[in-house]
Chemist: 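Can you keep this structure in mind? I'll have questions shortly.
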Amino acid sequence: MTLTLVHLYPSLLNLYGDRGNIIALRQRCAWRGIDLRVVEVGLRENVPRTEIDLIFMGGDQDREQGVVVADLRQRHIGTISRLVEEGVPFLAVCGSFQLLQNYYRTADGSELRGLGIFDAHTIHPGHHVPRCVGNIVVRLKDTTIVGFENHGGRTYLSAGVEPLGEVESGFGNNGKDGTEGARVRNAFGTYIHGSLLPKNPEFADHLLFLAMQRTAGQVQLATIDDRLEQRAHDAAVGQARSQSRPR
Ligand code: GLN
């Protein structure tokens with residue numbers, strides 16, 4: 001079986017090793033005899049007209065976001081809106097999570113109009129305000145995810161928008177309302193770098209399950225020996241709980 005993943009702006013949006021998410025997904029597919037074909041789509045390039053099973057977009061600083069957002073809106077808003085509507089799993093980390101919202105007001109006050117996939121907005125309070133930096137633990141419905149966050153922007157979900165999870169320790173969307181990230185259909189926005197997926201194998205497999213379920217109907221992902229990943233996950237959760245702000 002082959003799955004196709006579109007990686008948007010890989011060279012411009014690749015902060016804190018977010019590319020590690022692609023490596024984790026590719027390896028978890030390979031262990032199961034599934035070929036993950038990664039199609040990189042950079043600035044001024046079009047999304048291929050082939051079947052797309054997954055989309056990934058990483059994070060970056062305000063400057064790079066400003067470079068990407070015009071191209072993202074002009075070139076991809078229709079395609080991305082359609083793919084999200086069709087239930088294609090989409091993982092958007094930090095800066096790209098912000099660009100998929102209604103708008104992101106950057107540290108210098110300029111307003112980057114986003115794609116409106118997530119009915120939310122983000123405001124960076126300025127460089128004089130401490131960033132949301134540190135280890136983070138987030139409770140999802142049936143699992144916990146852990147990682148590292150580093151963002152100045154504070155995200156506010158509109159009423160009724162489902163967060164990805166509840167912050168157990170760390171800042172999350174805005175350090176105040178206890179939410180982290182957002183979900184609409186199978187699009188997941190999150191602030192968690194790390195990169196996210198290597199230490200959160202359950203979440204990685206959830207994305208793969210959704211992709212395979214959408215294209216092949218009911219599927220059963222073969223079990224993988226995740227003892228190493230689980231040990232890394234549990235150690236990171238313990239470290240985060242001991243170091244950062246409990247909510
Ligand atoms: N520039 C954005 C902010 O500071 C996103 C940062 C990131 O992607 N880590 O909030």
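Remember, it's 1-based here, ligands and their atoms both numbered in the order they're listed.
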Chemist: Which one of Asn102, Thr106, Thr155, Asn174 satisfies the side chain to side chain donor-acceptor pair (under 3.5 Å) criterion with Thr122?
Modeler: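 When Asn102, Thr106, Thr155, Asn174 are each tested with Thr122, the side chain to side chain donor-acceptor pair (under 3.5 Å) holds only for Thr155.
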Chemist: Please state which protein non-hydrogen atom is closest to atom 10 (O) of ligand 1 and give its distance, to 0.1 Å?
Modeler: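 For this ligand atom, the closest protein heavy atom is Gly153 N, 2.8 Å.
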Chemist: With a 6.0 Å cut-off on the ring centroids, do Phe171 and Tyr191 count as close?
Modeler: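 So the answer is no for these two rings.
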Chemist: Return the option from His124, Gln61, Gln65 holding the heavy atom at the smallest distance from atom 2 (C) of ligand 1.
Modeler: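 The nearest heavy atom belongs to Gln65.
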Chemist: Please say which of Val38, Val6, Leu197, Leu91 ends up in a side chain to side chain contact (heavy atoms under 4.5 Å, CB included) with Phe56.
Modeler: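 Going through the options one by one, the only one that passes is Leu91.
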Chemist: Taking Arg19 first and then Glu40, would you say they form a salt bridge - that is, a charged N and a carboxylate O separated by under 4.0 Å?
Modeler: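 Yes.
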Chemist: Looking at Arg154, Glu111, Gln98, which hits side chain to side chain contact (heavy atoms under 4.5 Å, CB included) with Arg105?
Modeler: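 Single pass found, and it is Glu111.
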Chemist: Do me a favour and list the nearest non-hydrogen protein atom to atom 7 (C) of ligand 1 with residue, atom name and distance?
Modeler: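 Its nearest protein heavy-atom neighbour is Cys94 SG, 2.9 Å.
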Chemist: Within the structure, does Tyr191 bring an N/O atom to less than 3.5 angstrom of an N/O atom in ligand 1?
Modeler: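 N/O-N/O distance below 3.5 Å does not exist for this pair.
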Chemist: Taking the six-membered ring for Trp, is the centroid-to-centroid distance between His193 and Phe148 below 6.0 Å?
Modeler: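 No, ring centres 6.0 Å or more apart.
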Chemist: Mark up the atoms of ligand 1 that fall under 4.0 Å of a heavy atom belonging to Asn150, in ascending order.
Modeler: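 In order of number, 6 (C), 7 (C), 9 (N).
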Chemist: Counting heavy atoms only, which part of Tyr16 comes closer than 4.0 Å to ligand 1: side chain, backbone, both or neither?
Modeler: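 Within the 4.0 Å criterion, Tyr16 contacts ligand 1 through side-chain atoms alone.
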Chemist: If you measure from each heavy atom of Arg131 to ligand 1, is any distance below 4.0 Å?
Modeler: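 So Arg131 counts as touching ligand 1.
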Chemist: Taking only heavy atoms of Gly59, which atoms of ligand 1 are found under 4.0 Å from at least one of them?
Modeler: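 This gives 8 (O) as the contact atoms.
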Chemist: Can you tell me if Glu64 contacts ligand 1 (heavy atom of the residue under 4.0 Å from the ligand)?
Modeler: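 False for this residue.
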Chemist: Just which atoms of ligand 1 are under 4.0 Å from any heavy atom in Tyr104?
Modeler: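 Once the distances to Tyr104 are compared, the set is 1 (N), 2 (C), 3 (C), 4 (O), 10 (O).
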Chemist: For ligand 1, which atoms sit closer than 4.0 Å to a heavy atom of Gly95?
Modeler: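 Counting from 1, the qualifying ligand atoms are 5 (C), 7 (C), 8 (O).
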Chemist: Parallel, tilted or perpendicular: which fits the ring planes of His124 and His127, with parallel below 30° and perpendicular above 60°?
Modeler: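 Perpendicular.
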Chemist: Which bit of Asp60 gets closer than 4.0 Å to ligand 1, counting heavy atoms only: side chain, backbone, both or neither?
Modeler: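 The answer is the backbone.
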Chemist: Counting non-hydrogen protein atoms only, what is the nearest one to atom 4 (O) of ligand 1? Give residue, atom name and distance.
Modeler: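 Heavy-atom neighbour on the protein nearest atom 4 (O) of ligand 1: Gly152 N, 3.0 Å.
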Chemist: Can you see whether Tyr9 engages Asp60 through a side-chain donor-acceptor pair at a distance of less than 3.5 angstrom?
Modeler: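 Judged by distance alone, the side chains do not pair up.
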Chemist: Taking heavy atoms and a distance under 4.0 Å, where does Thr122 meet ligand 1: side chain, backbone, both or neither?
Modeler: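 No part of Thr122 is near ligand 1 at this cut-off.
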Chemist: Between Leu15 and ligand 1, find which residue part has any heavy-atom pair under 4.0 Å and reply side chain, backbone, both or neither.
Modeler: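 Looking at Leu15 and ligand 1, just side chain atoms fall under 4.0 Å.
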Chemist: From the options Val219, Asp35, Thr215, select the one residue that forms a side chain to side chain contact (heavy atoms under 4.5 Å, CB included) with Met1.
Modeler: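 The option that passes is Thr215.
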Chemist: Looking only at distances, please establish whether an N/O atom of ligand 1 is found under 3.5 Å from an N/O atom of His151.
Modeler: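 Min N/O separation from ligand 1 is not below 3.5 Å for His151.
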Chemist: Does a donor on one side chain sit under 3.5 Å from an acceptor on the other, for Tyr104 and Asp62?
Modeler: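 A pair is found: one side chain offers a donor N or O, the other an acceptor, under 3.5 Å apart.
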